[in-house]
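These notes are about the structure you will find just below.
Every chain is numbered from 1, with letters handed out A, B, ... down the list of sequences.
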There are 2 protein chains.
Amino acid sequence: MTRRIPQARERGIPDATVARLPLYLRALNGLAERGTATVSSEDLAVAAGVNSAKLRKDLSHLGSYGTRGVGYDVQYLIYQISRELGLTQDWAVAIVGVGNLGRALANYGGFVSRGFRVAGLFDADPAVVGERIAGLVVEHADGLESVIRKRGVSIVVIATPATAAQQVCDRVIAAGVTSILNFAPVVLTVPDDVDVRKVDLSIELQILAFHEQRKASGGPMMGDEWPDEVVVVSERGAALGEASQ
Amino acid sequence: MTRRIPQARERGIPDATVARLPLYLRALNGLAERGTATVSSEDLAVAAGVNSAKLRKDLSHLGSYGTRGVGYDVQYLIYQISRELGLTQDWAVAIVGVGNLGRALANYGGFVSRGFRVAGLFDADPAVVGERIAGLVVEHADGLESVIRKRGVSIVVIATPATAAQQVCDRVIAAGVTSILNFAPVVLTVPDDVDVRKVDLSIELQILAFHEQRKASGGPMMGDEWPDEVVVVSERGAALGEASQ
DNA sequence: CCGACTTTGTGCATCTCTTCACAAAGGCAC
DNA sequence: GTGCCTTTGTGAAGAGATGCACAAAGTCGG
């Protein structure tokens, strides 16, 4: 029974750290634009809205890139974090579902600026296919698999209604995609090697409502009884991007 | 020095649990629509995509609403979770920034279906003010404070460009709002009693890219040296909802 | 070259969240 | 009733994240 000793440069950055790296990157880019050359963990932590000890521990997972007594070189750190996140290469992204949300995403500037390139827009509605959005022509969802393979798409954004999401998901996985960003309000079932990240407006609002209620009233009404009239809220809402299909 | 003993029905549901309750609620609504009367923790856990022990522990924080040997009454559990989340009351929501994203949000069906009512749309661009979106007329951002007070808005969604977000944030907080959903890619500075939740597409994509890179290559290139030519990615992207102002 | 000062990187204690495993509770068949 | 079977609710162990506090490492003025 040997003791588990963590390697200095072991592959395995904690998820919580990975989730914060983009935040640091953004703060660093802000500093770089203002011409700052070096930054202390304290200052960077404030800019990113985290604790400075946490920031230092996070960065220590990437390597020892700071200089004691001075801080971190902004440009160098930007490069190291970008490299770790895989932003030094280009990622082809496809957006499926060109409803309100799909359009918003296609026009999103932050996409292009960071190594993410929109390589395709898809919808199942013939009325939308052929339309030109953000310099791209919307293609019919039938061609999904072939286009994914042909253009080397590795990340797919699902912005379809909830009902279509799982089917789209299955198809893009069959085409070899292993990274999915899901905006549809459903739990996607995927194999273990596929990463799904979920963005769900409705859930965020409900979490806010919980805290708001707590602040307002010191908790929900105390009784556990049913009220006289129970109104059951139904799951009638379409996906955020209510596209066709 | 007394030991801290958790009360049985203490007000204080873990954050991780609160974040999952909406997920359970959605799964339960799906079951209710299909006419299911009772459900076991195992089945509900599968539907919500979590571990069944976790689900039971989560629910146990609300109270003891299950029946051993049987499971949970779907309708009753829907009611209890809704009540805990504060969805049995109506929340007035204002959306600030009517760009691509703002429009998508205003048209989002899931909003209305769950006790959230869009009570106002705001933008600083005169070209957008007056436009009719999802049955509402876009108002000028100047009237933000008075409308918030008048219509009892308690949750504000910020869908402005990054540059305007902090200013909007300060103003709505001054008007009494303590719950904010922020889509702009900036860290908002707020007092302790204000809750901010952040939705950031760019960050989600970067996290996916990290995992994708790991899967593809077994890690980033090994050297720690600078490449000959360093391209620094700039933070040029506008907010997801690139509205005016 | 030295000593004062700054800031990193990390060991450690703490806290939170997750998962296991099982006793207790309840339904149901007979 | 009685006993078997199912499923909850939870104690306890484990895993992971956080934050403190400080030694080690480096800068800089003189």
- Query: Without hydrogens or angle criteria, can the side chains of E33(A) and N29(A) be said to hold a donor-acceptor pair below 3.5 Å?
  - Reply: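 No donor-acceptor contact under 3.5 Å links the two side chains.
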Among all residues two or more places apart in sequence or in another chain, which pass the side-chain hydrogen bond (donor to acceptor under 3.5 Å, both in side chains) test with R171(B)?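 Listed in chain order: E145(B).
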Going by the rule side-chain hydrogen bond (donor to acceptor under 3.5 Å, both in side chains), which residues pair with S40(A) if we only count those two or more places apart in sequence or in a different chain?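 S40(A) satisfies side-chain hydrogen bond (donor to acceptor under 3.5 Å, both in side chains) with no other residue.
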Atom [atom1] of [X] to atom [atom2] of [N]: distance rounded to whole Å?
X      : N       : atom1 : atom2 : value
E42(B) : dC20(C) : CD    : P     : 11 Å
Y72(B) : dA25(C) : OH    : C1'   : 13 Å
R56(B) : dT19(C) : CZ    : P     : 12 Å
D73(A) : dT7(C)  : CG    : C1'   : 15 Å
R68(B) : dC22(C) : CZ    : P     : 16 Å

message: Please check this pair: side chain of T17(A) against backbone of I13(A), looking for a donor-acceptor N/O pair closer than 3.5 Å.
response: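 A pair under 3.5 Å: no.
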| field | Main-chain N/O of V39(A) paired to D43(A) side chain as donor or acceptor, under 3.5 Å | value |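 Flag not set: sc D43(A) to bb V39(A) has no pair under 3.5 Å.
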### Query
How would you list all residue pairs meeting side chain to side chain donor-acceptor pair (under 3.5 Å) that involve residues 181-196 of chain B, not counting sequence neighbours?
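Qualifying pairs: K215(A)-D195(B).
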Give me, pair by pair, the N or O atoms of the protein and of nucleotides 12-17 of chain C that are less than 3.5 Å apart, along with how far apart they are.
| residue | atom | partner | partner atom | Å |
| --- | --- | --- | --- | --- |
| dC12(C) | N4 | K57(A) | NZ | 3.2 |

Check against ring pair (Phe, Tyr, Trp, His ring centres under 6.0 Å), Y72(B) and Y65(B)
CA-CA 7 Å; Y72(B) 300 88; Y65(B) 297 144; 8.7 Å; no
Go through the steps to decide whether R83(A) and T88(A) satisfy the test side chain to side chain donor-acceptor pair (under 3.5 Å), and finish with yes or no.
CA-CA 6 Å; R83(A) 188 171 60 84; T88(A) 49; over 6 Å; no
Let me spell it out: for each of D58(A) and T67(A), pick the nucleotide of DNA chain D with the closest heavy atom. Which residue's pick is nearer the 5' end?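 Here D58(A) is the residue nearer the 5' end.
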(request) For side chain to side chain donor-acceptor pair (under 3.5 Å), just list the numbers for S179(B) and E212(A), CA-CA rounded to whole Å, side-chain angles, deciding distance to a tenth of an Å, and then say yes or no. (result) CA-CA 7 Å; S179(B) 294; E212(A) 185 70 23; 2.4 Å; yes
>> Can you give me the first and the last nucleotide of DNA chain D (5' to 3') that has an atom within less than 4.0 angstrom of a non-hydrogen atom in chain B?
In response: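 Reading along DNA chain D, I get dT6(D) to dA12(D).
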N/O to N/O distances under 3.5 Å, protein versus nucleotides 28-30 of chain C:
none

Which distance, rounded to the nearest 0.5 Å, do you find between the CG of L62(B) and the CG of L85(B)?
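Going from CG on L62(B) over to CG on L85(B), the span is 8.5 Å.
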Checklist line | Check against side chain to side chain donor-acceptor pair (under 3.5 Å), Y76(A) and Q80(A) | finding: CA-CA 6 Å; Y76(A) 186 56; Q80(A) 289 298 348; 3.1 Å; yes
